[in-house]
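The structure under discussion appears below in the form of structure tokens.
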Amino acid sequence: MKGLSLKGINKTFGKVHAVRDVSKDIHSGEFFTLLGPSGCGKTTLLRMIAGLELQDSGRIILDGEDITGLPAIKRHINTVFQNYALFPHLNIFDNVAFGLRSRKVPGAEVNQRVKDTLEMLELGEMTKRFPHQLSGGQSQRVALARALVNEPKVLLLDEPMSALDAKLRAQVQIELRRLQQKLGQTFILVTHDQDEALIVSDRIAVMKDGQIIQYGTPAEVYDFPKNRFVAEFLGSANLIDGNYKDGLFHTAIGIFELEKPPAWEKGVIAIRPEWIRISDTKPLKNGLRATVTEIIYRGTNLDISLVPGPVRLRTSTYSRIKIGDELWLDLAPKEIAVLNE
Ligand code: ATP
């Protein structure tokens, strides 16, 4: 297979089982994201792929070659670190040229590759500047240039956007996605930011306690979370417990029709706040009469809490809603995600 295969990777630090039996195929040219809360093992997994940390067991295969025992420098894998790790005493050109020069690439080739990479990242104007003369976004692009100039088979990104402010981060996420698509190279990103993962990734692996607990395209993971953890970690969700009997889901707030019968008799459904519609009349199926208890203004939309529930919904048709209003909520069967775990 072209790409990176992780086979049964384990890593412990004393009593902490940081990565547990992770196996995953990451296709060549894919933007793959490891998403999870602090301490779930994503950085440790990334460091093992880079060759910066040694796993206790398992194998890593890159384009069919077993690289498990190879040192970092021989892996054709480069990493962009959270703090960028630029050399403060070298100018931008020399920072980017450093890796090629230390591998004794001929001077003319170094010059051409550094120039091309800096231009691709729109840094052509600042080759003579030093790291302390750059903005956060520019430093981040230099760090990317320094990794990409080596033409790695896989680029690893360890929370590379976490030092940027929210607005710049949103812009850099889109740029990173475009760059990856243009290059068609394999990128593996580590992040705990679910919006970032949804924006940039072809596929997301959600990690918890050292394991990958769900993976798929952003839409698959967001629309069909497998369990409570994924439903709540990726966005927010109304989680409603109940029993499925006689073809209907019975809950404390009402009886609902589901699109397909679940595999269980007692379980949980998830409804994203933005999937719930407000209806002027009683919906044909799954209508819920509810009273508004809280309204949070968010600019383009409103987050509304209601009882019974509490049910939370997000809507952009807000002007006529106020606390105490009674509304019909439309919880259409196709907008209900059945959790299977
Ligand atoms: P964060 O987002 O906070 O960086 P993470 O998901 O990347 O978290 P890791 O850094 O991979 O998590 O850590 C996974 C677990 O392994 C944590 O419990 C951490 O404390 C532990 N750990 C990581 N590195 C070491 C180390 N060198 N020595 C001891 N324990 C470690």
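Numbers for residues simply follow the sequence, beginning at 1. Counting starts at 1 for both ligands and their atoms, following the listed order.
- Those atoms of ligand 1 with a heavy atom of Cys40 less than 4.0 angstrom away are 5 (P), 6 (O), 12 (O).
- Distances from ligand 1 to the non-hydrogen atoms of Lys42 include at least one value under 4.0 Å.
- For atom 16 (O) of ligand 1, the nearest protein heavy atom (residue, atom name, distance) is Ala18 CB, 3.4 Å.
- The protein heavy atom nearest to atom 28 (N) of ligand 1 is Phe13 CD2, 3.5 Å.
- Asp325 places a side-chain N or O within 3.5 Å of a backbone atom of Lys322 that can act as its donor or acceptor partner.
- Between Phe87 and Phe98, the ring centre distance stays below 6.0 Å.
- For atom 3 (O) of ligand 1, the closest non-hydrogen atom on the protein side is Ser38 OG, 2.6 Å.
- Hydrophobic cluster membership differs between Leu155 and Phe32, with clusters built from Ile, Leu, Val, Met, Phe, Trp and Tyr side chains linked at under 4.5 angstrom.
- Annotation: side chain of Met126 is in contact with side chain of Leu134 (closest heavy-atom distance under 4.5 Å).
- The shortest distance between side-chain heavy atoms of Leu306 and Thr293 does not fall below 4.5 Å.
- Shortest contact from atom 18 (O) of ligand 1 to any protein heavy atom: Val16 CG1, 3.6 Å.
- Using a cutoff of 4.0 Å between basic side-chain nitrogens and carboxylate oxygens, Arg101 and Asp94 are scored as salt-bridged.
- Ligand 1 has Gly41 within reach: a non-hydrogen atom of the residue lies less than 4.0 Å from it.
- Here the heavy atom of the protein found nearest to atom 8 (O) of ligand 1 is Gly39 N, 2.7 Å.
- Of the N and O atoms on the side chains of Asp25 and Ser5, at least one donor lies less than 3.5 Å from an acceptor on the other residue.
- With a 4.0 Å cut-off on non-hydrogen atoms, Thr44 touches ligand 1 through its backbone as well as its side chain.
- The protein heavy-atom contact nearest to atom 4 (O) of ligand 1 is Thr43 OG1, 3.6 Å.
- Ion pair Asp195/Arg169 not flagged as a salt bridge, since none of the NZ, NE, NH1 or NH2 atoms sits closer than 4.0 Å to an Asp/Glu carboxylate oxygen.
- At a 4.0 Å cut-off, at least one heavy atom of Pro37 sits close enough to ligand 1 to count as contact.
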